[in-house]
Protein chains: 2
Amino acid sequence: MTKKDTITILEIAEMSGVNPSTVSRVINHPEMVNEKTREKVQAFIKECNYQPNPFARGLQTKRSKIVALVVPNFTTLSFANLARGIQERLMQSDYSMVIFSSHEDEVLEKKICKKISDLHIDGVIFASSMMPNYDELSYGIAKVFIDRDGSLDGIDTFILDVEGAFDKLIKYLVDKGHSNIGFVVGDKKSYAGLKKISAFKKAMKNHGLEVDEKFIVGALWSSKEGWNATSKLLEGKDIPSVIIAGSDTLGIGVIGAVNSKGLSVPEDISVVGFNNEPGSESMNPPLTTMEYDDYGMGQEVADAIIKRINKPEGEIEIKIYTMDIIERKTVRKHLLTNKIIYD
Amino acid sequence: MTKKDTITILEIAEMSGVNPSTVSRVINHPEMVNEKTREKVQAFIKECNYQPNPFARGLQTKRSKIVALVVPNFTTLSFANLARGIQERLMQSDYSMVIFSSHEDEVLEKKICKKISDLHIDGVIFASSMMPNYDELSYGIAKVFIDRDGSLDGIDTFILDVEGAFDKLIKYLVDKGHSNIGFVVGDKKSYAGLKKISAFKKAMKNHGLEVDEKFIVGALWSSKEGWNATSKLLEGKDIPSVIIAGSDTLGIGVIGAVNSKGLSVPEDISVVGFNNEPGSESMNPPLTTMEYDDYGMGQEVADAIIKRINKPEGEIEIKIYTMDIIERKTVRKHLLTNKIIYD
DNA sequence: ATGAAAGCGCTAACAA
DNA sequence: TTGTTAGCGCTTTCAT
């Protein structure tokens with residue numbers, strides 16, 4: 001408003017009585033310039049609120065100071081928190097974040113990769129991405145993977161230890177006397193769904209439990225879908241004593257469906273959620289669930305991509321995030337088998 | 001990977017046997033160039049997957065083809081949906097979106113405005129922003145306001161008709177026989193909170209109801225806060241027969257608190273939410289709430305900012321979004337007054 | 001309808 | 001330590 005629109009390095013140079021390249025040095029390599037000149041120039045820069053033109057700078061340096069985040073969607077809470085962590089930390093380091101939602105669609109992901117390359121973005125963070133290939137991505141761009149193993153490709157990777165989480169969870173349930181365990185996955189075909197199913201099966205085996213395929217039911221990620229899937233699970237007389245939901249949102253539907261059958265949680269059937277979404281602590285009854293620090297992960301991921309941008313050949317970082325059980329009121333000790341209760 | 005990293009307009013020109021400026025014309029003003037040359041050049045552009053360097057282009061045109069979205073946070077579902085609508089529509093028009101979360105903090109907003117100017121971003125969308133002033137914003141940048149009236153400043157504005165929503169809602173409740181209406185607002189000091197309180201009071205008056213200040217209780221936007229605020233509301237014997245929650249997330253806590261007092265929803269106390277968040281349909285009981293099309297709003301907002309970028313002096317657009325009642329199971333007819341029930 | 005040439009604002013190699 | 005200069009890749013005016 002009150003500001004002149006185009007103040008350039010040339011004007012700063014004139015004011016300071018030095019050459020433009022000296023001003024440039026003050027900005028980019030302050031150590032190369034004499035203290036007195038530096039301070040004089042810095043004073044003018046500050047006074048004029050001068051900021052280098054990013055186009056001119058980018059044209060020269062081939063750097064945009066922009067990082068892209070690709071997530072399957074914006075609405076899943078853990079992605080929103082992740083994005084928040086990333087954005088805040090990036091901003092601290094003077095980077096900006098562009099964000100794309102891929103819907104786990106390979107074609108769209110390709111388009112996004114192309115777009116990212118065309119924009120000359122410095123680094124990309126892929127969260128739960130399909131990434132069948134990334135030919136469209138310009139060679140050498142910094143990359144970080146979240147929840148997809150890139151270690152073989154020499155890519156920094158942040159993984160959520162879903163296997164460990166299910167292991168903890170199944171152990172917890174077994175300790176409570178459960179053995180008939182149902183699982184209302186989200187979208188069975190999504191990356192997150194596939195990963196959870198495999199972790200679930202592995203954990204079951206680890207604890208000597210048989211996996212009954214009909215106890216694993218798919219749904220999209222909404223509560224309503226969870227409700228419907230659970231209803232199916234509850235048909236017939238061979239019924240689980242506890243149901244794991246692939247997310248807390250799904251868990252709402254699970255509890256709804258259990259109630260609608262005239263059964264109570266946890267008296268008749270126990271339920272556990274996933275992700276500790278806001279609201280789950282205030283549900284009726286408060287939902288036992290699994291959580292991890294998505295926001296903190298976002299911050300560390302942002303640090304990692306910046307590091308990678310500045311040091312393409314640095315050592316690859318692999319970091320694993322563990323999940324913990326938040327014990328609330330939806331799981332109770334199971335002493336009798338289902339057969340005895342329902343037969 | 002398989003791609004040459006720097007293919008420039010010069011190379012396309014050489015291949016096509018024309019001058020770089022002709023290639024530029026083919027890209028930016030195709031109508032100015034002879035059909036045959038145009039097709040030949042276009043063929044090479046396509047073959048090489050050529051895309052103009054955004055730095056060089058921006059340096060010349062002063063356009064970044066980037067739009068900024070500023071929201072109070074990423075985690076509130078309606079902002080996530082809004083962002084999705086905006087991003088998808090922008091991408092269709094070859095724009096990218098950078099996103100900033102302001103936490104409704106004036107200082108941070110100022111920093112963000114500065115950043116936006118420094119980045120030479122083409123347009124900004126402010127959602128529920130404080131915007132005490134926007135001196136930091138470069139003069140003449142395209143702007144769109146969401147949920148903040150900018151009509152006086154000649155700024156395109158998209159408003160959610162919260163007043164109309166509360167009017168509908170209070171009418172609905174009055175028709176059901178309610179007159180003691182409690183309101184668990186979110187953050188009373190936030191922009192959204194303030195707006196809702198004022199709309200609530202106005203609607204109450206419109207329908208001849210007295211506003212009892214102690215029936216309006218604040219909370220942050222979490223379920224747990226909603227629970228605590230509701231507990232306070234339920235102390236003593238002068239108790240509302242229906243409680244409006246400022247969001248569905250808050251509503252979860254409201255229901256929890258009601259239940260924890262040994263009361264039932266809707267038999268003893270009715271509850272209504274706000275925003276129709278996913279899960280509310282599967283709650284126990286399914287939550288009656290208010291909704292609007294946040295995703296669609298995002299799309300229209302994206303169209304508006306693009307229009308404004310291309311036509312800074314075009315007519316100002318003001319659009320109002322109405323909300324509708326989603327009637328589910330948490331409100332029931334109230335025939336007796338509270339006094340008779342609880343005295 | 002096309003080509004030639006200048007210049008957007010900056011950085012960095014080279015010279016002094 | 002500082003100045004001089006070239007050039008990043010593009011668009012656009014001017015000339016043809």
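This structure is a prediction, so every number in the text was calculated from the model and none was measured. Quick note on labels: first sequence line is chain A, next is B, and so on, each numbered from 1.
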Under 3.5 Å, is there a donor on one side chain and an acceptor on the other for B/Gln87 and B/Tyr95?
no

Could you give the distance from [atom1] ([X]) to [atom2] ([Y]), rounded to the nearest 0.5 Å?
{"X": "A/Ser129", "Y": "A/Asp147", "atom1": "OG", "atom2": "CG", "answer": "10.5 Å"}
{"X": "B/Phe100", "Y": "A/Ser96", "atom1": "CZ", "atom2": "OG", "answer": "4.5 Å"}
{"X": "A/Phe44", "Y": "A/Gln42", "atom1": "CZ", "atom2": "CD", "answer": "12.5 Å"}

Whole angstrom value for the distance that separates [atom2] of [N] from [atom1] of [X]:
{"X": "B/Asn53", "N": "D/dG9", "atom1": "CG", "atom2": "P", "value": "7 Å"}
{"X": "B/Lys62", "N": "D/dC10", "atom1": "NZ", "atom2": "P", "value": "16 Å"}
{"X": "A/Asn34", "N": "D/dT1", "atom1": "CG", "atom2": "P", "value": "7 Å"}
{"X": "B/His120", "N": "C/dG9", "atom1": "NE2", "atom2": "C1'", "value": "10 Å"}
{"X": "B/Leu10", "N": "C/dG3", "atom1": "CG", "atom2": "P", "value": "13 Å"}
{"X": "A/Ile9", "N": "C/dC8", "atom1": "CD1", "atom2": "C1'", "value": "14 Å"}
{"X": "B/Glu35", "N": "C/dT2", "atom1": "CD", "atom2": "P", "value": "11 Å"}
{"X": "A/Glu11", "N": "C/dC8", "atom1": "CD", "atom2": "P", "value": "11 Å"}

Go through residues 18-30 of chain B and report each residue with a non-hydrogen atom lying under 4.0 Å from DNA chain D, sorted by number.
B/Ser21, B/Ser24, B/Arg25, B/Asn28, B/His29

Could you tell me whether the phosphate oxygens of D/dG9, OP1 or OP2, come under 4.0 Å of any side-chain nitrogen or oxygen in B/Tyr50?
no

With a 4.0 Å cutoff (strictly under), does any side-chain N or O of A/Thr37 reach OP1 or OP2 of D/dT2?
yes

Does the cation-pi check pass for B/Arg57 over A/Phe55, that is, NZ or CZ under 6.0 Å from the six-membered ring centre and within 45° of its axis?
no

So does A/Ile141 get a backbone contact from the side chain of A/Ser138, meaning a donor-acceptor N/O pair under 3.5 Å?
no

